[in-house]
Visitor: 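Handing you this structure, nothing more for now.
Residue numbers start from 1 in every chain, and the chains themselves are labelled A, B, ... in the order their sequence lines are given, proteins ahead of strands. Only a predicted model underlies this, so the values are computations on that prediction, with no experimental measurement involved.
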2 protein chains.
Amino acid sequence: MRRTVFYISDGTGITAETIGHSVLTQFEGIDFETFRVPFVDSDDKAEVAANRIRACHERTGMRPIVVNTIMDQRLSDIVADGGGLMLDVFAPFIGPLQDELGMPRSSRVGKAHGLTNFAEYEARINATNYALSHDDGIDVRYDDAEVILVGVSRVGKTPTCLYMALHYGVKAANYPLTEEDLEKLELPARLRPYKSRLYALSIDAQRLAQVREARRPGSQYATLAQCRRELDLAEKLFRRDGIPMQSTTNTSIEEIASKILSQLGIEKHMF
Amino acid sequence: MRRTVFYISDGTGITAETIGHSVLTQFEGIDFETFRVPFVDSDDKAEVAANRIRACHERTGMRPIVVNTIMDQRLSDIVADGGGLMLDVFAPFIGPLQDELGMPRSSRVGKAHGLTNFAEYEARINATNYALSHDDGIDVRYDDAEVILVGVSRVGKTPTCLYMALHYGVKAANYPLTEEDLEKLELPARLRPYKSRLYALSIDAQRLAQVREARRPGSQYATLAQCRRELDLAEKLFRRDGIPMQSTTNTSIEEIASKILSQLGIEKHMF
């Protein structure tokens with residue numbers, strides 16, 4: 001079975017898509033064909049969206065599912081005229097919140113979707129630059145680091161640092177354990193002063209071998225035996241030093257980042 | 001006026017926070033104090049969350065606002081016992097979707113929050129590696145690029161590329177226009193074969209000067225006159241070559257990325 005889904009938004013459509021994805025994965029065995037329709041912020045654009053929904057309905061004979069994050073009721077009504085199954089994300093909250101807070105919502109358009117707050121934008125850019133300059137042991141001055149990820153090569157440190165920087169404006173460095181660190185079975189001296197900010201990543205040996213093999217085919221570095229050995233030593237080191245650890249094997253980047261921040265007690269927000 | 005908000009989730013809490021942020025920015029003049037409570041996936045954790053809500057209510061005398069993305073109704077009910085104003089994000093959609101699709105939702109826990117689909121994880125990691133190796137003109141072989149961002153130094157190319165990689169798994173390269181490109185007022189030869197994949201970023205000259213000044217204080221590079229000159233030439237070049245352009249001045253990274261993908265017709269999805 002195949003169904004069409006439209007993610008309609010007056011902003012980027014990211015929220016609509018995130019929510020839609022979460023709900024739709026609850027229904028198994030259906031092949032959802034999805035379309036993002038962002039920046040629907042005028043009557044004209046709302047009508048174009050409604051026409052797309054109507055045309056799709058006629059073509060497929062099934063009414064499309066519409067996940068809608070437009071705040072403005074008038075624009076939502078125009079989209080609803082397209083005849084899809086409307087799933088309004090924000091609308092149900094506005095009434096209860098107006099009652100609770102004793103005020104009407106402001107009708108400024110665009111605010112909802114994070115049209116930039118400059119200080120926040122800058123924090124994210126600065127954190128991204130920090131992550132890039134403190135990636136992979138390039139710059140090892142960690143005074144400003146809020147998190148330092150440690151782990152063997154290719155365990156997922158870099159994407160996690162970049163994600164924390166871009167999303168939360170968190171300054172995240174990462175340090176790849178060297179052969180020497182593993183042989184000595186101790187944290188390098190330069191990391192010891194920052195122990196409370198260390199967080200370890202590990203991964204299943206088989207997965208690591210796959211990832212390394214894709215990167216350097218046929219290398220010793222990519223053999224299962226080598227991966228196993230490095231991971232065993234690294235995990236032993238982390239346990240002994242009491243460094244919190246997480247496996248990246250079956251975990252999304254969002255989830256890894258969220259767990260790290262939650263476990264290190266960093267209460268940063270995304271926007 | 002100050003109100004407390006809890007973002008409660010059986011996953012990372014990112015969806016709850018995104019939605020909560022969007023809705024709450026509609027109410028001006030209130031100081032919202034927000035707390036993420038992620039990974040509420042058992043009765044015990046739901047009770048801990050309910051107790052936190054109850055304690056906050058008693059302490060502040062105001063009932064907390066709870067943005068809840070837990071799918072499981074039983075766990076949501078436990079949280080609701082805490083007495084907050086419950087704003088359930090997913091619950092209202094489940095019924096209509098069950099009716100529409102003619103099947104009950106699957107109750108597998110964790111699926112909703114993108115517990116990793118391996119192929120997608122890999123696409124995001126590969127795209128991130130691609131962005132890093134094709135950042136700032138390091139590697140200029142663009143055959144595999146889906147997008148190539150062009151613009152003067154510090155206009156926002158790198159964070160945008162990384163965002164598109166991490167979120168959409170899109171392979172995005174970026175090329176900083178050189179003094180020579182600007183003087184000749186033409187696209188460098190190496191970019192010309194990929195014209196349909198080029199996208200230009202620009203920025204307000206004053207903002208650019210601020211950003212550059214933070215990076216290299218007192219430099220010629222950071223003067224307003226220099227920034228103005230580079231931006232004028234770059235924009236002239238983009239217009240003449242018909243390269244779509246966007247200003248990053250008052251725009252969030254999400255919005256920039258979303259507009260680029262939408263204008264270049266790249267229909268990638270986030271998970």
Side-chain angles (χ1 to χ4, degrees), chain A residues 3 11-15 17-19 21-23 25-28 30 34-36 38-39 65 69 71 85 87 89-90 92-94 96-97 100-101 103 105-106 111-116 121 124-125 128 132 156 158-159 162-163 166 250-255 257-259 262 267 269-271, chain B residues 3 11-15 17-19 21-23 25-28 30 34-36 38-39 65 69 71 85 87 89-90 92-94 96-97 100-101 103 105-106 111-116 121 124-125 128 132 156 158-159 162-163 166 250-255 257-259 262 267 269-271:
Chain A
R3 294 298 292 256
T12 61
I14 293 173
T15 306
E17 184 160 14
T18 305
I19 293 167
H21 178 81
S22 294
V23 176
T25 48
Q26 301 282 307
F27 294 90
E28 294 179 277
I30 299 179
T34 65
F35 297 99
R36 249 196 313 271
F39 307 112
I65 295 160
T69 59
M71 288 271 183
L85 171 70
L87 303 177
V89 176
F90 295 133
F93 297 165
I94 298 296
L97 276 172
E100 181 72 23
L101 302 171
M103 60 165 70
R105 81 172 185 95
S106 125
K111 275 189 72 186
H113 296 277
L115 275 181
T116 220
Y121 180 80
R124 294 168 73 181
I125 301 296
T128 303
L132 290 172
T158 300
L162 288 169
Y163 187 89
L166 276 168
N250 284 306
T251 318
S252 68
I253 300 174
E254 283 80 2
E255 195 172 17
S258 174
K259 282 203 171 138
S262 155
E267 269 281 353
H269 295 286
M270 282 187 303
F271 302 99
Chain B
R3 295 298 295 257
T12 62
I14 292 173
T15 306
E17 185 160 13
T18 306
I19 292 168
H21 178 82
S22 295
V23 176
T25 47
Q26 302 282 306
F27 294 91
E28 293 179 275
I30 298 180
T34 64
F35 297 98
R36 250 196 311 270
F39 306 113
I65 294 161
T69 58
M71 288 271 182
L85 171 69
L87 302 176
V89 175
F90 295 134
F93 298 164
I94 298 296
L97 277 173
E100 181 72 23
L101 302 172
M103 60 165 69
R105 82 172 185 95
S106 125
K111 275 190 71 187
H113 296 275
L115 276 181
T116 220
Y121 180 82
R124 294 168 74 182
I125 302 297
T128 303
L132 291 171
T158 299
L162 288 170
Y163 186 90
L166 276 167
N250 284 305
T251 317
S252 67
I253 301 173
E254 284 80 2
E255 195 172 15
S258 174
K259 281 202 173 139
S262 154
E267 270 280 354
H269 296 285
M270 282 187 305
F271 304 98

Visitor: Nearest heavy-atom pair of A:S22 and B:F90: which atoms, and what distance?
Guide: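 Residues A:S22 and B:F90, closest heavy atoms: CB-CZ, 3.4 Å.
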Visitor: Side-chain contact, heavy-atom cut-off 4.5 Å: B:E255 with A:F39?
Guide: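 Yes; the side chains approach each other to less than 4.5 Å.
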Visitor: Check each atom of A:I65 against the heavy atoms of chain B and say whether the ones under 4.5 Å are side chain, backbone, both or neither.
Guide: side chain
Visitor: Check this for me: does any side-chain nitrogen of one of B:E100 and A:R3 sit under 4.0 Å from a carboxylate oxygen of the other?
Guide: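 Result for this pair is yes, salt bridge flagged.
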Visitor: Quick check: do B:L166 and A:P159 have side-chain heavy atoms less than 4.5 Å from each other?
Guide: yes
Visitor: Below 4.5 Å from any heavy atom of chain A, which atoms of B:I30 appear? Answer side chain, backbone, both or neither.
Guide: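 Only the side chain of B:I30 comes within 4.5 Å of chain A.
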Visitor: In terms of heavy-atom pairs under 4.5 Å with chain B, which of A:I94, A:L162, A:T128, A:L101 leads?
Guide: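 Maximum pair count with chain B is reached by A:L101.
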Visitor: Which bit of A:P38 is near chain B, if near means a heavy-atom gap under 4.5 Å: side chain, backbone, both or neither?
Guide: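 Side chain only.
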Visitor: If we only count heavy atoms from C-beta on, is the A:T15 to B:T15 side-chain gap below 4.5 Å?
Guide: no
Visitor: Closest heavy-atom contact between A:R124 and B:Y163?
Guide: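 Scanning both residues completely, I find the closest heavy atoms to be NH2-CE1, 4.4 Å.
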Visitor: Does a side chain donor of either A:T12 or B:E254 reach within less than 3.5 Å of an acceptor in the other side chain?
Guide: no
Visitor: Do B:T158 and A:I125 touch side chain to side chain, with heavy atoms closer than 4.5 Å?
Guide: no
Visitor: Any chance you could measure A:T251, atom OG1, to B:Y121, atom OH, to the nearest 0.5 Å?
Guide: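 Result: 8.0 Å between the selected atoms.
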Visitor: Chain A heavy atoms under 4.5 Å from B:T34: which part of the residue, side chain, backbone, both or neither?
Guide: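 Contact with chain A involves both backbone and side-chain atoms of B:T34.
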Visitor: Is any side-chain heavy atom of A:T18 less than 4.5 Å from a side-chain heavy atom of B:T18?
Guide: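 No, their side chains stay 4.5 Å or more apart.
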Visitor: In terms of heavy-atom proximity below 4.5 Å to chain A, should B:L85 be classed as side chain, backbone, both, or neither?
Guide: side chain
Visitor: Kindly write out the residues that satisfy ring pair (Phe, Tyr, Trp, His ring centres under 6.0 Å) with B:F35, not counting sequence neighbours, or none if the list is empty.
Guide: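 Scan of B:F35 (ring pair (Phe, Tyr, Trp, His ring centres under 6.0 Å), adjacent residues dropped) gives B:F6.
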Visitor: Does the side chain of A:F93 reach to within under 4.5 Å of the side chain of B:I19, using non-hydrogen atoms?
Guide: yes
Visitor: Cut-off 3.5 Å, side chains only: do B:S106 and A:E28 have a donor facing an acceptor?
Guide: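 Result is yes, a qualifying pair exists.
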